[in-house]
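Remarks on the structure that follows.
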Amino acid sequence: MTDIERTEFNVQDSPYASSGGGFGQGGREVDARAQFEELDAESNLRPKFLGEFIGQPKVRTQLDLVLAGAKGRKVAPDHILLSGPPGLGKTTMAMIIAQEMGTSLRMTSGPALIRAGDLAAMLSNLLEGDILFIDEIHRIARPVEEMLYMAMEDFRIDVIVGKGPGATSIPLEIPPFTLVGATTRSGMLTGPLRDRFGFTAQMEFYEVEDLTKVVTRAAGILGVEISGEAAVEIASRSRGTPRIANRLLRRVRDFADVHAGGVIDLGAARAALIVFDVDELGLDRLDRAVLTALIKGHGGGPVGVNSLALAVGEEPSTVEEVCEPYLVRAGMIARTSRGRVATVRAWEHLGLQAPPGTLGE
Ligand SMILES: Nc1ncnc2c1ncn2[C@@H]1O[C@H](COP(=O)(O)OP(=O)(O)O)[C@@H](O)[C@H]1O
Ligand SMILES: [Mg+2]
């Protein structure tokens with residue numbers, strides 16, 4: 001199915017592409033390493049194999065079986081949907097799937113697929129066993145989605161050539177491929193699209209213990225000296241999210257470089273997190289703005305997400321996809337049929353007394 005030349009991540013076609021690409025010779029390890037050196041700080045920290053992926057034990061076990069089954073039968077794995085809030089490792093996992101299967105990854109995203117032709121172009125370039133990664137798949141346009149149904153199910157699409165009464169449809173065969181979709185809003189996927197995925201991996205927020213491993217691993221890669229306590233401190237303020245853990249680590253490193261001789265101990269970590277506006281629970285400025293709008297602006301709710309978004313000057317989708325999942329998981333807000341409601345914890349977090357009858361008393 002594949003040869004060694006195709007084992008590197010094939011990101012040339014992607015909206016995330018960096019320059020360069022094809023390293024042919026030298027084998028898989030070297031290729032992958034060379035490719036990764038070109039990518040930014042975040043990518044350097046991405047685990048490359050399933051065994052290196054920290055946390056998400058359920059997803060790892062399930063995915064391991066799906067991939068091993070496909071390898072054993074020498075077929076492309078079923079289409080896979082990765083669902084969960086931003087920064088939990090969906091893109092990383094898509095790359096790992098390609099790496100584990102020894103195939104290429106082609107990356108695109110829902111918003112980039114506007115016309116059916118955009119998708120047809122991607123599909124017609126696929127080789128057998130390739131992984132097609134569509135990020136934010138809940139944002140693809142309707143005609144694209146319909147073409148995707150057929151491609152996923154029958155590895156075939158109809159390409160419309162010409163316009164008006166003279167238009168004809170030409171069937172085009174696609175080599176068997178695996179679609180990996182990522183979404184922060186699986187609820188926004190239509191039923192038919194969701195049904196065409198053979199496996200859905202639901203990524204959950206990470207426990208502090210796992211995030212501590214993420215921080216320690218990243219510090220090792222970055223060559224930063226960090227104490228165990230400091231790693232736990234950063235981990236516990238990272239909103240259950242590896243991307244945030246890595247970002248906080250880089251900011252704390254900046255602080256430690258300037259003020260602490262480059263060594264991150266607990267004191268340096270705490271001082272740095274104050275400078276960067278991260279509170280004890282890891283809530284950032286936007287999280288606190290949402291809580292403040294909900295409590296001080298609307299008496300604790302219920303209030304609709306659109307009003308909240310307006311109050312904090314963000315898109316409703318940002319509030320819904322970035323802020324709320326963690327605030328809900330932290331027990332700060334509840335989603336009710338009438339809108340968002342602040343809990344006692346949220347009031348207390350802002351240093352306020354919750355009125356009688358508040359949720360979570
Ligand atoms: N399980 C993990 N172990 C270590 N690092 C991780 C893990 N999951 C994510 N990361 C790191 O977090 C960052 C964001 O991950 P990414 O896959 O881009 O998230 P998503 O696509 O879900 O938004 C990456 O830089 C990656 O290094
Ligand atoms: Mg991503």
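Owing to the predicted nature of the structure, the values given are computational and were not obtained by experimental measurement. Note that ligands are numbered from 1 as they come in the structure, with each ligand's atoms numbered from 1 the same way.
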Quiz item: If we only count N/O pairs under 3.5 Å, is G55 in contact with ligand 1?
Solution: no
Self-check item: Contact (N/O only, under 3.5 Å) between F53 and ligand 1
Solution: no
Numbering as shown, the atoms of ligand 1 that approach [X] to under 4.0 Å (heavy-atom distance):
X    : answer
N246 : 11 (C), 12 (O), 27 (O)
T91  : 17 (O), 18 (O), 20 (P), 21 (O)
I54  : 1 (N), 2 (C), 3 (N)

Self-check item: Backbone of D277 reached by a side-chain donor or acceptor of R285 within 3.5 Å
Solution: no
Practice problem: Would you check if the side chain of R156 reaches a backbone N or O of I174 as a donor-acceptor pair within less than 3.5 Å? | Solution: no
Quiz item: Is A182 in contact with ligand 1, taking contact as a heavy-atom separation below 4.0 Å?
Solution: no
Quiz item: Are P86 and ligand 1 in contact, using a heavy-atom cut-off of under 4.0 Å?
Solution: yes
Self-check item: Rounded distance (nearest 0.5 Å) linking atom CG of L148 with atom CZ of R142
Solution: 11.5 Å
Quiz item: Has T91 got an N, O or S atom lying less than 2.8 Å from the Mg ion (ligand 2)?
Solution: yes
Quiz item: With respect to H79, which candidate in F177, F133, Y149 satisfies the ring pair (Phe, Tyr, Trp, His ring centres under 6.0 Å) definition?
Solution: F177
If we set the cut-off at 4.0 Å for heavy atoms, which region of [X] has an atom near ligand 1: side chain, backbone, both, or neither?
X    : result
D135 : neither
L88  : backbone
P47  : side chain

Quiz item: Are I160 and L123 grouped together when hydrophobic residues (ILVMFWY) are joined by side-chain heavy atoms under 4.5 angstrom apart?
Solution: no
Exercise. Could you list all the side-chain hydrogen bond (donor to acceptor under 3.5 Å, both in side chains) pairs where at least one residue sits in residues 254-266, not counting sequence neighbours?
Key: R251-D254
Exercise. Nearest heavy atom to atom 14 (C) of ligand 1 wins, so pick from R217, M203, K90, R243.
Key: R243
Quiz item: Is there a donor-acceptor contact under 3.5 Å linking the side chains of E145 and T190?
Solution: yes
Practice problem: Report the residues that fulfil ring-ring contact (aromatic ring centres under 6.0 Å, His included) with F197, sequence neighbours left out, ordered by chain and then residue number. | Solution: none
